[in-house]
Enquirer: 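Mind looking over this structure? Questions follow.
Throughout, a chain's letter reflects where its sequence line sits, starting with A, and its residues are numbered from 1.
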Amino acid sequence: MIKCLLAGSSARRAIIVPSDCHIYSQLCWVEVQRRLLKTKNARGTKLGLNPTSVDSVVIGKGNEVKMKPGQQLLIVNQLFPYTVQYKEDPSGNHSGSKRPREPSEDRMMDREVPSTKGTKAAKQTEKEPVQPKNEETTRNNESFGHWSQGLKTSMQDPKMQVYKDEKVVVIKDKYPKARYHWLVLPWQSISSLRVLREEHTDLLKHMQKVADQMVQQCPHASSLRFRTGYHAIPSMSHVHLHVISQDFDSPCLKNKKHWNSFTTDYFIESHDVIQMLETNGRVTVKEGASELLKLPLRCHMCGKELTTIPALKEHLKSHFPS
DNA sequence: GTTCTAGAAC
DNA sequence: GTTCTAGAAC
């Protein structure tokens with residue numbers, strides 16, 4: 001059982017909602033951010049035995065943690081994600097506490113039941129940057145709700161999930177750059193390759209294993225080549241492993257950056273990342289990686305240089321007839 | 001990350 | 001004239 005003590009100002013109250021709910025969908029972002037910055041923290045006390053965590057930090061039995069707006073509460077082996085948000089309270093009543101609603105039956109049905117045996121809850125050491133409370137940052141909307149945080153939302157959406165287990169979730173890339181393009185994401189909040197340490201090695205090996213399984217179950221696995229790897233400097237927050245077929249036959253592949261991010265050393269093989277972690281305890285990205293995105297368009301199959309994206313796409317048809 | 005569009009390239 | 005890219009805006 002989770003006891004939630006939620007604090008809010010007289011005009012607002014905190015609520016915990018399942019992460020796929022968007023209570024602010026009717027409000028413009030600036031207004032939402034303004035409200036979040038004005039509200040107080042929520043407090044939750046862990047009473048039971050099932051592993052519960054806030055932003056991947058496990059709450060021990062009897063312990064108490066403060067939750068901030070946007071933080072995620074994961075109940076029972078990270079099966080049920082909830083996010084703390086704040087909402088206008090028309091009644092002005094803020095005296096009571098509110099329990100998170102039980103997940104509905106269909107929500108339960110949608111989820112696989114992972115084995116609790118051997119499920120070690122990982123300690124999360126990464127700290128999210130503190131949001132400076134100034135008007136400029138509020139206007140610029142640079143944290144919660146920013147486009148770069150989109151994967152965090154997508155990975156929680158059951159409609160997007162094509163596989164999940166106790167450690168990772170797989171979603172289809174929203175803008176696939178090839179016939180098959182998946183992303184493997186850890187449930188644990190890891191912002192980027194930069195924060196990876198030796199203790200993440202097993203997790204990354206598991207991500208690799210799941211990526212291999214995705215390829216194996218693909219109906220065209222025998223005729224298509226796949227690569228699994230990470231972008232050196234990804235645009236989207238939350239570590240994600242690309243699993244992508246090498247046809248690059250997709251209307252979403254539109255520019256030089258797209259092409260070079262998958263066909264130059266900007267794309268770092270999963271095995272190389274794991275090896276770096278095992279030998280150095282961290283992942284180093286070569287300096288000047290961003291310059292790789294500006295390289296001339298070169299066919300990854302035969303090395304032929306093409307001058308434009310349409311010419312490249314036409315050339316790719318010779319390697320991958322539809 | 002995507003979308004939009006000015007202006008470069010043809 | 002059209003096609004395409006690159007950078008700003010989101």
Enquirer: Tell me whether the OP1 or OP2 atom of B/dG1 has a side-chain N or O from A/His146 closer than 4.0 Å.
Expert: no

Enquirer: Would you say the side chain of A/His258 lies within less than 4.5 Å of the side chain of A/Tyr175, judging by non-hydrogen atoms?
Expert: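 A/Tyr175 does not reach A/His258 side chain to side chain.
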
Enquirer: Is it true that A/Asp157 and A/Lys159 make a salt bridge, defined as a side-chain N closer than 4.0 Å to a carboxylate O?
Expert: yes

Enquirer: By nearest atom, which of the nucleotides B/dT2, B/dG1, C/dC4 is closest to the A/His258 side chain?
Expert: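 Nearest to the side chain of A/His258 among the choices is B/dT2.
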
Enquirer: Give the rounded distance in Å between these two atoms: CG of A/Asp173 and C1' of B/dT2.
Expert: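 Going from CG in A/Asp173 over to C1' in B/dT2 covers 12 Å.
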
Enquirer: What is the separation between atom CG on A/Leu297 and atom C1' on C/dT3, rounded to the nearest whole Å?
Expert: 15 Å

Enquirer: To the side chain of A/Thr308, which of C/dC4, C/dA6, B/dG1 is closest?
Expert: C/dC4

Enquirer: Would the distance check show the side chain of A/Glu305 and the main-chain N or O of A/Gly303 forming a donor-acceptor pair, the cut-off being under 3.5 Å?
Expert: no

Enquirer: How many Å lie between CG on A/Leu293 and C1' on C/dG7, as a whole number?
Expert: 14 Å

Enquirer: If you apply the rule ring-ring contact (aromatic ring centres under 6.0 Å, His included), what do you find for A/His242 with A/Trp182, and how did you get there?
Expert: CA-CA 6 Å; A/His242 291 272; A/Trp182 296 288; over 10 Å; no

Enquirer: Measure the distance from CG on A/Asn255 to P on B/dT3 and round it to the nearest whole Å.
Expert: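 Value for this atom pair: 11 Å.
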
Enquirer: Examine B/dT3: is either OP1 or OP2 under 4.0 Å from a nitrogen or oxygen in the side chain of A/Lys254? Give yes or no.
Expert: yes

Enquirer: Using whole Å, report how far CD1 of A/Ile244 lies from P of B/dG1.
Expert: 11 Å

Enquirer: Quick one: A/Leu183 CG to B/dG1 C1', roughly how many Å, whole number?
Expert: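 Computing the A/Leu183:CG to B/dG1:C1' distance gives 11 Å.
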
Enquirer: How close or far is atom P of B/dG1 from atom CD1 of A/Ile171, stated in whole angstroms?
Expert: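 Rounded to the whole Å, the gap is 12 Å.
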
Enquirer: Atom CG of A/Leu306 and atom P of B/dA9: how far apart are they, to the nearest Å?
Expert: 19 Å

Enquirer: Assess the side chains of A/Glu278 and A/Thr201: does a donor N or O sit below 3.5 Å from an acceptor N or O?
Expert: no

Enquirer: Which nucleotide sits closest to the side chain of A/Trp147: C/dA6, C/dT5, B/dG1?
Expert: B/dG1

Enquirer: I want to verify a distance call: between B/dT3, C/dT5, B/dG1, whose nearest atom is closest to the A/Lys177 side chain?
Expert: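 Nucleotide nearest to A/Lys177's side chain: B/dG1.
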
Enquirer: Remember a base hit wins even if backbone is also touched, and classify A/Ile309 as base, sugar-phosphate or nothing at under 4.0 Å, heavy atoms.
Expert: sugar-phosphate

